[in-house]
Every structure is written in structure tokens, then in C-alpha cells.
Engineer: 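First the structure, which I've put down as C-alpha cells, then a few questions once you've had a look.
Order of listing sets the numbers, starting from 1, for every ligand and every atom in it.
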Amino acid sequence: MTTSETVGVVPEQLDRWLVAQPWYRGRGPVECERVTVLRDGDPALVHVVLAVGGRRYQLLLGVRDELPERLVHARIGTAGEREVYEAVHDPELTAALLQHFEESTEVEGLWFRGALPPRYTDAPVGRPFPGPQRNFSIVYGQRHVLKFFRELTPGDNPELVLHTALHSIDDPHIAPPQGALEAELDGVRTTFAVLHEFVPLGALGWPMATASVRDFLAGPGVDPQAAGGDFASEAHRLGRAVAGARRPAETLGERTAGPDDEAEFVAALHRRLDAALDWVPALAPFEAGLRARFDEVLASAEPIRLQRVHGDLHLGQVLRSPRTWVLVDFEGEPHGGPAERTRPRPAEHDVATALRSLHYAAAQLLVGADDVTTLLPRAARWLERNRTAFCAGYAEVAPDRRPGGALLTAVELDRAVLEVCHEQRFRPEWTVIPLSAIAEAVTGEPAWLV
Ligand SMILES: Nc1ncnc2c1ncn2[C@@H]1O[C@H](COP(=O)(O)OP(=O)(O)O)[C@@H](O)[C@H]1O
Ligand SMILES: O=P(O)(O)O[C@H]1O[C@H](CO)[C@@H](O[C@H]2O[C@H](CO)[C@@H](O)[C@H](O)[C@H]2O)[C@H](O)[C@H]1O
């Protein structure tokens with residue numbers, strides 16, 4: 001089958017299916033920009049790039065004459081007489097995909113670049129990653145994770161750039177990259193998917209930290225160390241891991257910000273606050289305090305060092321393997337467009353987002369609780385203990401960048417402002433978490449804004 005003959009594999013019901021997908025933000029007519037057959041026959045595997053209202057999406061379609069019962073849940077529609085479905089649910093097709101990486105093939109401008117270790121056993125079965133995710137991933141046994149970006153942005157994806165940089169210095173806190181799928185988009189080489197080593201037996205930081213908080217808040221609450229599931233030693237190790245990710249300073253393009261960069265950096269904090277204030281009136285009482293904290297960055301003598309960062313480093317992006325913490329999903333700051341994702345930022349950005357996440361973990365049990373007065377000081381103690389441990393771990397690896405000062409405060413508050421907007425949109429009842437952190441920083445008093 002050649003490309004021109006394959007247009008018939010795109011299902012007639014595609015538009016209806018797309019608008020029902022949580023990740024889809026396209027508006028307007030859908031144009032099929034590129035169709036590539038990766039495996040012919042029955043089942044066939046087809047890669048599709050869609051263009052819709054200035055956005056690009058990629059799909060992996062499976063095509064069969066008849067759809068077995070086990071694939072009915074993945075059905076998208078029909079193309080002529082044939083059934084079309086999401087290929088990630090079909091192990092026969094995910095196996096074909098892995099083979100492209102193993103053989104480093106090129107199919108009509110789609111380059112599968114693989115650097116996989118030799119395989120001495122049968123191919124691992126590829127199944128869709130089950131958890132919540134923005135993109136879609138296929139897990140191959142305990143060996144590889146293949147992540148496809150739902151929405152495509154021309155150029156290298158930060159996930160690939162940063163993993164490659166950190167792998168070049170053998171950073172033990174990343175899943176080693178094993179390949180990438182690339183093609184040209186608007187004449188620019190673009191990352192479509194990344195292949196990584198699977199982190200076996202990994203536990204996410206968020207459930208670990210929140211279990212610790214739960215134990216601490218439920219117990220007599222005298223000594224965090226004595227409560228079950230103390231997280232502080234993990235927070236300390238995590239601080240070390242995060243500091244490690246800023247070590248290859250030159251690989252990550254580290255430079256000292258000049259006066260213009262600094263002015264622009266602070267102006268951007270104010271601009272984001274302007275936009276947030278328009279949208280969330282509850283921020284208004286804290287406006288003056290926030291602006292004062294932002295301006296303190298300019299008054300401070302600390303030089304700002306800019307570099308590429310993770311950008312969204314929260315406890316849902318860190319996996320505790322039996323060996324160490326592993327940071328995943330280096331796609332950059334998600335609260336903005338492609339330029340925001342790749343913008344060099346102070347290394348403090350990753351510290352700030354991790355510390356904000358510790359605050360979230362400490363505070364989430366207070367949302368809707370009846371006994372906030374009792375719980376608030378206990379949550380504050382858990383937070384203090386784990387913040388201190390994280391910062392101590394960080395400072396051990398990066399003694400020149402001991403976390404603290406006006407810059408860290410400003411970046412934490414900027415992140416909290418973005419979180420207020422994020423929560424307002426997706427989880428309004430959780431808006432109180434970042435808003436309370438802002439109130440506390442501005443007033444200097446413990447706060448819980450019910
Ligand atoms: N290398 C890996 N090994 C094991 N699990 C992983 C690996 N990379 C990611 N994961 C798991 O997959 C989840 C989603 O990955 P992520 O990169 O955050 O995808 P998305 O961008 O779709 O949200 C992570 O929360 C983690 O649980
Ligand atoms: O989907 P992503 O993982 O890229 O991140 C987005 O969603 C996160 C979850 O809503 C959001 O994180 C916020 O909530 C977390 C707890 O669920 C908390 O640990 C983070 O500190 C807090 O920012 C993240 O901001 C957003 O980009």
C-alpha cells in the first residue's frame with residue numbers, strides 16, 4: 001500500500017471521536033496532513049498527522065477487516081469496509097512498532113532512531129500505559145517506555161534534549177534514552193516520540209508523600225519522625241537528585257543573566273500575575289505583597305543563573321526506584337506555549353516546583369476537613385521537616401546554589417499563582433491550596449483560606 005492508497009484508512013467518524021478526547025483542543029476542520037503505513041496487511045499499522053486550526057496531532061491507527069472483542073473498546077470507526085482503532089491496544093502492532101526502533105528504519109520520512117541493548121529473549125509485549133497522562137505511552141514489559149506526544153510542535157522536544165544532555169554525564173536520576181521517532185514538520189526536524197529505559201518497581205513520589213502526611217495527621221502528631229511513613233529521608237534524597245539535574249551546567253546552556261535578562265525575568269512575573277488577577281479575583285488581596293516579593297529579586301545582589309530546567313517538577317513526575325529517585329517528563333513548563341517550555345530559567349525553578357509540591361502534599365488533606373484548626377499546625381510541621389530535608393539534600397550536591405533567598409521566594413510565588421489558575425480551571429476546590437501558600441508568604445502568618 002502506498003501513501004496515496006491509504007487515505008482510505010482514516011475513519012469517517014474521526015471528527016466525532018476526536019472531540020470526545022480529553023487531550024484534544026482542535027477547533028475547525030480536520031485535515032489529514034500525512035499518512036504513513038508502518039505495517040501492511042491485517043492488522044495494518046498506520047501513522048497519521050492531523051492539522052486542525054494551527055495545531056498538529058499524531059495518531060497511531062490499527063486497521064483490521066474484523067475487530068476482535070478484545071479491541072472493541074479501542075474502536076474509532078470504519079474506513080470503507082475496515083475497522084479502525086487505536087493501535088496502542090493491539091500487542092501485534094506495538095510489536096511492529098518496536099521492531100522499527102530495533103532496526104532503526106526510515107519509512108517515508110519517519111525516522112525511527114533506536115539505540116536498544118541486544119535482546120536475548122522474546123520481544124517484550126507492548127501495552128498502553130494505564131495511568132493518567134497528557135500524551136500516550138506504550139510500556140514494553142519491564143524494558144522500555146515509548147511515549148508519543150499527542151500534540152506536535154515543530155523542533156526538538158525538551159524531553160529528548162534534556163534527557164540527552166543528562167545522559168551524556170551519566171546522571172543516574174533519569175531513565176536512559178533509548179531512541180526517538182523524528183520527522184520533518186514545517187521543514188524542521190521534529191520529535192514525535194521518545195523511547196526510554198523502563199524504571200522497574202518505581203513508586204511515584206505523590207502517593208508516597210501523601211501516605212506519609214496521612215500517617216502523620218492521623219497519629220497523635222507530636223513528632224513527625226515517630227509517625228509511620230516518615231518521608232524526610234526520601235525528601236533529602238530527592239533534593240540530591242534534583243540538584244544533580246543542574247550539574248551539566250554547560251550542556252544545559254547555563255549563563256549569568258545580564259541586567260536586561262533580570263528586568264525581563266521580573267517583568268514576566270508581573271505579567272503572569274496581571275493575567276491571573278483578571279481571571280481569579282481571589283488573588284486581589286495579595287497583589288501588592290506578591291509584586292513586592294517579585295521586585296525584591298531586582299534589589300537582591302544574588303546573580304541569576306539561567307539554564308534549561310525540567311520546568312514542571314512536582315511529586316507526580318518523580319519515581320522512586322529501589323535504587324534511587326528518577327525524574328520523568330522533562331517537557332518543560334506546561335502553563336504556556338512552546339517558547340515558554342524551552343525558555344532558560346533559574347535552576348531555582350525546579351526547586352520551587354518541588355517545594356510547592358511538598359506544600360500540596362501537606363495541605364491536600366485539609367481541603368474540606370472539619371478540624372482544620374487542629375490539622376493546620378501539624379501539616380505545617382510535616383512541611384517544614386520535609387522542605388528542610390529536601391533543601392539540605394540539594395545543598396549537599398550543589399553547595400554553590402543553597403536554596404533560599406528572594407529569587408526562590410519569587411519563583412515559588414509565581415508557581416503558586418499559576419497553580420491558582422490551574423486549580424480554578426480543573427479542580428476549583430483545590431484553589432485554596434496555592435492561595436493559602438500565597439497568603440502565608442505575603443502575611444507571614446499560617447493561613448488556610450476556607
Ligand atoms: N521510564 C519510565 N519507567 C517507568 N515508568 C515511567 C517511565 N517514564 C514514565 N513513567 C510513568 O508514566 C507516567 C506518565 O509519564 P509522563 O512522561 O509524565 O507522560 P505524560 O507526558 O503523558 O504525562 C509517569 O507518571 C510514570 O508513572
Ligand atoms: O499534568 P502535569 O503532570 O504536567 O502537571 C499539571 O497538573 C498537575 C496536577 O494537577 C499540577 O500539579 C499541581 O498539583 C499537584 C498535585 O496533584 C502538586 O503536586 C503540584 O505541586 C501542583 O503544581 C501541575 O502544576 C500541572 O502543570
Side-chain angles (χ1 to χ4, degrees), residues 22-23 88 124 127-151 157-160 162-163 167 173-179 191 193-210 213 238 310-336 340-341 349-365 367 383 386-387 390 411-412 414-435 437:
W23 43 264
V88 291
R127 302 198 185 284
F129 180 80
Q133 52 204 305
R134 205 163 351 128
N135 299 292
F136 65 94
S137 296
I138 301 166
V139 178
Y140 289 93
Q142 298 276 303
R143 300 214 204 128
H144 326 285
V145 182
L146 173 56
K147 167 161 143 182
F148 281 84
F149 303 109
R150 291 256 182 219
E151 190 166 347
N157 190 289
E159 177 105 324
L160 181 62
L162 293 189
H163 270 99
H167 190 51
H173 305 297
I174 57 159
Q178 296 183 321
T191 320
V194 283
L195 184 65
H196 288 289
E197 197 173 299
F198 183 78
V199 178
L201 303 173
L204 275 178
W206 177 254
M208 286 173 69
T210 49
V213 174
L238 184 58
H310 180 289
D312 189 27
L313 193 64
H314 57 82
L315 288 163
Q317 309 278 38
V318 292
L319 278 175
R320 179 68 166 93
S321 81
R323 197 171 44 87
T324 190
W325 281 105
V326 176
L327 319 184
V328 301
D329 202 7
F330 282 72
E331 279 188 78
E333 162 69 79
H335 302 274
E340 281 302 305
R341 282 177 178 267
H349 192 279
D350 286 341
V351 179
T353 56
L355 294 178
R356 287 289 317 121
S357 199
L358 288 173
H359 173 259
Y360 259 77
Q364 39 83 40
L365 284 182
V367 177
L383 179 59
N386 286 283
R387 253 186 96 98
F390 178 95
V411 182
E412 269 191 86
D414 176 51
R415 171 76 172 184
V417 167
L418 291 175
E419 287 170 343
V420 165
C421 299
H422 178 82
E423 299 304 350
Q424 192 74 9
R425 183 156 169 225
F426 297 108
R427 296 182 294 204
E429 69 286 5
W430 276 34
T431 309
V432 61
I433 299 178
L435 202 56

Engineer: So do Val194 and Phe149 actually touch side chain to side chain, heavy atoms under 4.5 Å?
Structural biologist: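 SC-SC contact between Phe149 and Val194 confirmed.
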Engineer: Does the pair Val328 and Val318 meet the rule for a side chain to side chain contact (heavy atoms under 4.5 Å, CB included), with working shown?
Structural biologist: CA-CA 6 Å; Val328 301; Val318 292; over 6 Å; no
Engineer: What part of Glu331 sits under 4.0 Å from ligand 2 if we count only heavy atoms: the side chain, the backbone, both or neither?
Structural biologist: neither
Engineer: Starting from atom 22 (C) of ligand 2, find the nearest protein heavy-atom neighbour and note its residue, name and distance.
Structural biologist: Glu419 OE2, 3.4 Å
Engineer: Nearest protein heavy-atom contact for atom 3 (O) of ligand 2: which residue, which atom, what distance?
Structural biologist: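 Looking at atom 3 (O) of ligand 2, the protein heavy atom closest to it is His314 NE2, 2.9 Å.
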Engineer: What residue among Glu419, Gln424, Glu423 forms side-chain hydrogen bond (donor to acceptor under 3.5 Å, both in side chains) with Thr431?
Structural biologist: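 Testing Thr431 for a side-chain hydrogen bond (donor to acceptor under 3.5 Å, both in side chains) against Glu419, Gln424, Glu423 leaves exactly one candidate, Gln424.
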Engineer: For the backbone of His314 and the side chain of Gln317, can you confirm whether one donor and one acceptor N or O come within less than 3.5 Å of each other?
Structural biologist: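 Here the side-chain-to-backbone pair does not exist.
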Engineer: Within a distance under 4.0 Å of any heavy atom of Trp206, pick out the atoms of ligand 2 and give their elements.
Structural biologist: 16 (C), 19 (O)
Engineer: Any donor and acceptor pair, going by atom type alone, linking the side chain of Asp312 with main-chain N or O of Glu333 inside 3.5 Å?
Structural biologist: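 Such a contact is absent between Asp312 side chain and Glu333 backbone.
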Engineer: Consider ring-ring contact (aromatic ring centres under 6.0 Å, His included). Of His163, His196, His167, which one does Phe330 pass it with?
Structural biologist: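 For Phe330, the ring-ring contact (aromatic ring centres under 6.0 Å, His included) test succeeds with only one of His163, His196, His167, which is His163.
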Engineer: Any idea which protein heavy atom is nearest atom 14 (O) of ligand 2, and the distance to it?
Structural biologist: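 I find the closest protein heavy atom is Arg427 NH2, 3.0 Å.
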Engineer: So which protein residues pack against ligand 1 under 4.0 Å, heavy atoms counted?
Structural biologist: Phe129, Gln133, Arg134, Asn135, Val145, Lys147, Ala175, Glu197, Phe198, Val199, Leu204, Gly316, Gln317, Leu319, Val328, Asp329, Glu331
Engineer: Looking at Asp350 and Arg415, is there a salt bridge between them, counting it only when a charged N and a carboxylate O are closer than 4.0 Å?
Structural biologist: no
Engineer: Determine whether the side chains of Gln178 and His144 contain a donor N or O and an acceptor N or O closer than 3.5 Å.
Structural biologist: yes
Engineer: Numbering the atoms of ligand 2 from 1, which are under 4.0 Å from a heavy atom of Arg134?
Structural biologist: 2 (P), 4 (O)
Engineer: Salt-bridged, Arg387 to Glu412, with N to O below 4.0 Å?
Structural biologist: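 Salt bridge flag = yes for Glu412 with Arg387.
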Engineer: Counting non-hydrogen protein atoms only, what is the nearest one to atom 25 (O) of ligand 2? Give residue, atom name and distance.
Structural biologist: Arg415 NH2, 3.2 Å
Engineer: Say you draw a straight line from CG of Leu315 to CH2 of Trp325; how long is it, rounded to the nearest 0.5 Å?
Structural biologist: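 Between Leu315 CG and Trp325 CH2, I get 7.0 Å after rounding to 0.5 Å.
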Engineer: Answer yes or no: does atom CZ of Arg425 have more than 12 heavy-atom neighbours from other residues, nucleotides or ligands under 6.0 Å?
Structural biologist: no
Engineer: Report the member of Gln364, His422, Glu423 with the shortest heavy-atom distance to atom 6 (C) of ligand 2.
Structural biologist: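 It is His422 whose heavy atom sits nearest to atom 6 (C) of ligand 2.
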Engineer: Could you tell me, atom by atom, which parts of ligand 2 come under 4.0 Å of a heavy atom of Ser357?
Structural biologist: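 Under 4.0 Å from Ser357, ligand 2 has these atoms: 18 (C), 19 (O), 20 (C), 21 (O).
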Engineer: Taking distance alone, with no angle check, do Asp312 and ligand 2 share an N/O pair under 3.5 Å?
Structural biologist: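 Yes; at least one N/O pair falls below 3.5 Å.
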